[in-house]
Undergrad: 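Supplied in structure tokens, the structure appears directly below.
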Amino acid sequence: MQALSRLYGAIPGVGPAIENGFYHDIALPSVASAKEGHSEEEKISLEDLPKIEKEMRKIIKENLPIKKKIMPIDEGIKFLKDKGYLYTAELAEDLKAEFARKSPLQETLAGQHENLPLPEAAARQAEISFFQQGEFINMCKGPHLKSTGEINPDAFRLAKIAGAYWKGDEKNKMLQRIYGVAFETKKELDEYLKMLEEAEKRDHRKLGKELDLFVFSDLVGKGLPLFTPKGSIIRQELERFIVDEETKRGYLRTYTPDIARVELYKKSGHWEHYKESMYPPMNVDGEDYVLRPMTCPHQFMIYNSRPRSYRDLPLRYAEIAHQYRKEQSGELTGLIRVMAFTLVDAHIVCRPDQVEQEFEQVVDLIQYGMKTLCITDYRYRFSKWDPSNKAKYIDNPEAWEATQNSMRKILEKMKLNYVEAEGEAAFYGPKLDIQLKNVNGKEDTAFTVQIDFALPERFEMVYTDQDGKEQRPMVIHRSSIGCLDRTMAFLIEHFAGVFPVWLSPAQVKIISVSEKHIEFCERLADEFKSNNIRVEVDANDETVGNKIRKARAEKIPYVLVIGDKEIGSGTLHINIRGQKEIVEMEKNEFIGKVKKEVEERK
Ligand SMILES: [Zn+2]
């Protein structure tokens with residue numbers, strides 16, 4: 001920050017340490033004073049980063065001592081304002097307001113803002129801490145090194161620049177966020193940069209474009225992916241796989257609409273606890289409709305459409321369901337965070353005595369799905385409610401405790417290695433989440449199993465027991481292979497675009513040596529197609545070498561070159577993806593090989 005202040009007179013926003021480094025939000029003076037839309041905004045660009053790094057190294061060399069200063073809060077605010085540090089001054093004002101509201105000993109501020117001083121000590125004395133190095137001074141809770149000279153000048157790098165709304169609020173000014181990475185040694189830095197480079201190569205947004213799997217259109221809108229024919233093949237294969245597997249495991253399929261009357265979601269509790277994630281209602285002929293954020297209430301109406309006996313349960317309703325949830329536009333990321341998505345969803349309505357077994361079977365299905373998709377790096381998270389958040393959760397502490405306890409018992413019995421997370425549950429019950437990391441190390445929920453104690457009651461769902469009495473069933477919400485969009489993002493990155501044969505958009509590419517071979521190529525392709533093998537013919541007027549290179553770039557598993565020799569002998573010469581030597585094979589043997597790989601999902 002000191003370097004930015006020296007070079008640009010930059011005004012600091014927040015600037016915390018993060019995993020493997022730090023970031024700092026800044027505004028340049030002209031930006032900060034500009035009236036909305038009336039001035040050319042000066043910005044720091046990527047080309048400026050080396051210059052800033054150079055200044056940082058200079059500051060390290062100056063070996064400036066880093067000193068802590070404590071100021072009474074009002075004096076601190078005035079000091080910041082006089083310096084023109086309007087953002088940190090605002091944080092100090094917030095802090096002061098917080099002091100006024102909260103009892104001095106509460107620790108509620110802990111960890112909210114990196115720039116805030118330690119809450120307890122500061123609250124008692126209403127003071128804020130500053131750190132000074134050389135001519136640069138700013139409010140900060142610390143801790144810091146003793147001097148700038150302790151930093152290894154060869155082990156840090158400014159990595160990237162992004163936009164960040166002040167306080168994360170879209171209504172506020174957009175600041176520039178400068179990210180840096182920092183390590184103790186140059187070797188660690190180099191290794192980290194290499195990993196980043198690898199991650200960039202695997203990034204699903206980049207590969208999605210290169211391999212023509214999905215696109216976005218400004219006219220359609222942000223966060224609304226359009227799957228191309230190639231991407232749709234992968235998606236369809238995933239759907240086929242899971243529909244067949246779920247059918248084997250006793251699931252029944254439903255199709256229900258993407259919209260519903262808002263009344264449905266008022267009854268379910270979504271309107272009360274989940275409205276922030278829902279799109280606003282559409283009024284049609286005086287009736288309000290909403291896009292559905294979940295499938296559950298729709299399927300519950302099917303359950304309620306006729307009387308159910310204890311013998312009918314469990315009923316496992318499955319649907320590949322389109323759903324719509326609002327995301328802040330800053331949160332939208334490729335296929336991982338989108339505005340409209342497709343969930344491989346299901347709701348199991350069962351008797352209370354069946355919950356444990358059903359839960360275990362769902363986890364088994366998820367594990368089977370992950371094994372088939374070659375996902376090995378994941379983590380179980382037991383997501384619980386937050387008793388202090390009445391807006392987000394159904395207020396029934398007893399039911400929460402009871403359901404969480406029985407879920408914990410099941411997890412212990414299954415010997416799953418899980419972490420617990422408070423405030424991550426669904427509004428109607430606790431969840432077991434399976435967490436995956438994307439190439440950039442960010443973790444997201446991929447698959448989930450939830451026990452619901454609340455919605456069966458809200459929808460008055462019942463079954464008749466052995467004695468003819470009405471009983472309340474339980475519901476398990478689950479997704480087996482998750483949200484197809486997000487799962488595809490993980491798979492693209494996991495395989496780096498080199499999909500197994502069963503998922504490859506084109507499994508075989510046939511290349512003609514010259515024009516006279518094209519007809520034979522077409523006939524061969526037809527034969528492959530009749531064996532359900534996905535095949536493309538490259539009959540372009542280019543060199544064979546060129547065509548092979550292109551097929552390799554498309555990461556097609558098998559490439560066949562057809563010339564006089566192949567037509568004469570009836571033997572195929574096969575370029576296998578990832579192998580140097582060309583393999584010779586009879587046509588039928590090759591067809592059998594590909595079919596077997598697809599069948600075994602390899
Ligand atoms: Zn559900």
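The figures that follow rest on heavy atoms only: side chains count, while hydrogens, waters and symmetry mates do not. Here, residue 1 is the first one in the sequence, and each next residue gets the next number. Note that ligands are numbered from 1 as they come in the structure, with each ligand's atoms numbered from 1 the same way.
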Undergrad: Check for me whether R308 meets the cation-pi criterion with Y303, that is, NZ or CZ under 6.0 Å from the six-membered ring centre and within 45 degrees of the ring axis.
TA: yes

Undergrad: Any donor-acceptor pair under 3.5 Å linking the side-chain atoms of E412 with those of Y418?
TA: yes

Undergrad: Is it the case that R235 places NZ or CZ above or below the six-membered ring of F214, under 6.0 angstrom from the centre and within 45 degrees of the axis?
TA: no

Undergrad: Cut-off 3.5 Å, side chains only: do Y558 and E597 have a donor facing an acceptor?
TA: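 Yes, because at least one side-chain N or O of Y558 sits under 3.5 Å from a partner of the opposite role on E597.
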
Undergrad: With the threshold set at 4.0 Å, does a side-chain nitrogen-carboxylate oxygen contact exist between R472 and E457?
TA: no

Undergrad: Work out how many protein N, O or S atoms lie closer to the Zn ion (ligand 1) than 2.8 Å.
TA: 3

Undergrad: Tell me, which pairs form a side chain to side chain donor-acceptor pair (under 3.5 Å) where one or both residues lie in residues 393-406, sequence neighbours left out?
TA: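 Pairs touching residues 393-406 that pass the test: N405-R408.
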
